[in-house]
Amino acid sequence: MMRCLRSSRLKSATIPKLCISRSKFETKSSMAPPILSLVLPSETGRVLSIQSHTVQGYVGNKSAVFPLQLLGYDVDPINSVQFSNHTGYPTFKGQVLNGQQLWDLIEGLEANNLLYYTHLLTGYIGSVSFLDTVLQVVDKLRSVNPQLTYVCDPVMGDEGKLYVPPELVNVYRQKVVPVASMLTPNQFEAEQLTGFRINSESDGLKACNLLHATGPSKVVITSVHVEDSFVLIGSHQKVNGTGDLMTALLLGWSNKYPDNLDKASELAVSSLQALLQRTVADYRSAGFDPQSSSLEIRLIQSLDDIRNPQVNYKAVKYN
């Protein structure tokens, strides 16, 4: 069937009729279009990010996806939980994804030849069963792309307190750390993973070496309390990869500078600090005391600091 359309509002005789062959149109529209992120991949890569999600505020995937996209990555998020807001508020509601539901999503991607990723990023995970499934995901992704970089933020707790079930510690230590390419624990998490108390910068480096020995070539302890300051300690064992946001920035910049963890860390820390300073300044402008409660970070407003950070923090090398 052929249909011809003419605009009744236009009187010019020079306006041609638009003729559409219905059979040809239907045949073409029934074909699935190519996946452009696979056919025409970005120079940086394609990330599968398995983290938490909040409707309001920026934690987990909400704080990781946007910066990675600004740095040129295609990012596919899977939300391990979906909460109304982060758990620091008086109440929260939402849903938790289980291991089978995660695997269903992976099988759906695989069935449509969409399972090629250059990077896997994982953050908060609340159960052993879900973490075990994440390990299956690592195996599956590496069967498709053996060069997959797995960046793991082993979110378990902070300031001497676990906020995940204690049995997750052994799963991370025995199963997850050995398959990670880059590990980004905080001080408390690094101590849980190594059984080694960190009281100084040199202790932090020893902890990095202990973690290197179990698998990951890159280790960044994102916050070590030394005397009256916090330091970031990064270590890259070369062979002849705030929390969620910091891990995303480290992934992004370390891939751009794969053999220069110093530069990647300087850029990531400088971005983070500029963002935090803007957050505090904006809350003060609104007449709110930033010290009185946890704050929602000003992520979107800091896009220039994410894409082109001014390096105000320099790495110090240790022999």
Side-chain angles (χ1 to χ4, degrees), residues 36-51 60-78 114-123 134 137-138 141-142 144-155 176-177 179-185 208 211-212 215-222 232-275 299 302-311 313-315:
L36 291 181
S37 61
L38 295 179
V39 177
L40 302 172
S42 67
E43 294 181 359
T44 45
R46 191 161 180 255
V47 182
L48 179 64
S49 180
I50 305 175
Q51 300 197 67
N61 271 330
K62 284 283 290 288
S63 68
V65 173
F66 179 65
L68 285 171
Q69 290 172 331
L70 284 179
L71 293 175
Y73 292 83
D74 289 308
V75 187
D76 293 345
I78 292 180
L114 300 176
L115 208 56
Y116 180 86
Y117 291 96
T118 58
H119 295 77
L120 171 65
L121 173 61
T122 62
V134 167
V137 173
V138 175
L141 295 183
R142 282 188 170 149
V144 178
N145 175 20
Q147 303 305 313
L148 176 86
T149 296
Y150 174 26
V151 179
C152 173
D153 183 7
V155 180
V176 179
V177 173
V179 300
S181 309
M182 175 187 285
L183 199 69
T184 63
C208 286
L211 291 168
H212 281 316
S217 62
K218 293 180 181 178
V219 176
V220 178
I221 303 178
T222 56
L232 177 147
I233 297 177
S235 177
H236 183 187
Q237 187 179 68
K238 296 183 180 180
V239 179
N240 289 353
T242 233
D244 308 321
L245 173 59
M246 187 65 192
T247 299
L249 292 170
L250 284 167
L251 185 161
W253 288 116
S254 67
N255 192 59
K256 290 179 180 288
Y257 301 99
D259 296 319
N260 193 341
L261 188 58
D262 292 3
K263 186 174 183 67
S265 297
E266 289 172 352
L267 289 162
V269 170
S270 295
S271 285
L272 180 64
Q273 289 301 314
L275 187 149
L299 185 69
S302 302
L303 61 90
D304 288 335
D305 295 312
I306 294 170
R307 284 190 294 206
N308 300 295
Q310 180 178 348
V311 176
Y313 299 85
K314 301 296 291 185

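- A distance of 12.0 Å separates CD in Q310 from CG in D304, rounded to the nearest 0.5 Å.
- With hydrogens and angles disregarded, a donor-acceptor distance shorter than 3.5 Å links the side chain of K218 to the backbone of P258.
- How far OG of S271 is from CG of L250: 10.0 Å, rounded to the nearest 0.5 Å.
- Interatomic distance, OG of S270 versus CD1 of I306, reported as 13.0 Å (0.5 Å rounding).
- In this structure, the side-chain contact (heavy atoms from CB on, under 4.5 Å) partners of L303, at least two apart in sequence or on a different chain, are F66, L70, R307.
- Here the side chains of P154 and V176 are not in contact, with every heavy-atom distance at 4.5 Å or above.
- T122 contributes atom OG1, which lies 11.5 Å from atom CD1 of I78 (distance to the nearest 0.5 angstrom).
- Q273 is linked by a side-chain contact (heavy atoms from CB on, under 4.5 Å) to V269, L276, Q277, Y313, counting only residues two or more places apart in sequence or in another chain.
- Tested against Y117, the residues D74, T149, D76 include a single side chain to side chain donor-acceptor pair (under 3.5 Å) partner, D76.
- Between the side chain of T118 and the backbone N or O of R46 there is at least one donor-acceptor pair closer than 3.5 Å.
- Under a 3.5 Å cut-off, the side chain of N145 and the backbone N or O of Y116 do not form any donor-acceptor pair.
- Minimum interatomic distance between L120 and L148 (heavy atoms only, all atoms of both residues): N-CD1, 3.8 Å.
- Between K256 and L71, some side-chain heavy-atom pair lies under the 4.5 Å cut-off.
- For N255, the side chain to side chain donor-acceptor pair (under 3.5 Å) partners are Y73, H119, not counting sequence neighbours.
- Contact annotation: the side chain of Y150 approaches that of V134 to within less than 4.5 Å [non-hydrogen atoms, C-beta and beyond].
- In this structure S49 satisfies the side chain to side chain donor-acceptor pair (under 3.5 Å) test together with Q51, N61, sequence neighbours excluded.
- Note that CG of L249 and CG of L68 are 7.5 Å apart. Values are rounded to the nearest 0.5 Å.
- Residues L183 and A180 come closest through the heavy atom pair CD1-CB, 4.4 Å.
- Across every non-hydrogen atom of C208 and S235, the tightest pair is CB-CB, 3.7 Å.
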Residue pair L275, D305: steps toward the side chain to side chain contact (heavy atoms under 4.5 Å, CB included) verdict: CA-CA 7 Å; L275 187 149; D305 295 312; 5.7 Å; no
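- Listed here is the closest heavy atom pair of G123 and V155: C-CG2, 3.8 Å.
- Taking 4.5 Å as the limit, some side-chain heavy atom of L299 sits within range of a side-chain heavy atom of L245.
- One distance of note links CG of L121 with CD1 of I50; it measures 9.0 Å at 0.5 Å rounding.
- Taking every heavy atom of both residues into account, P309 and L267 meet most closely at CG-CD2, 3.6 Å.
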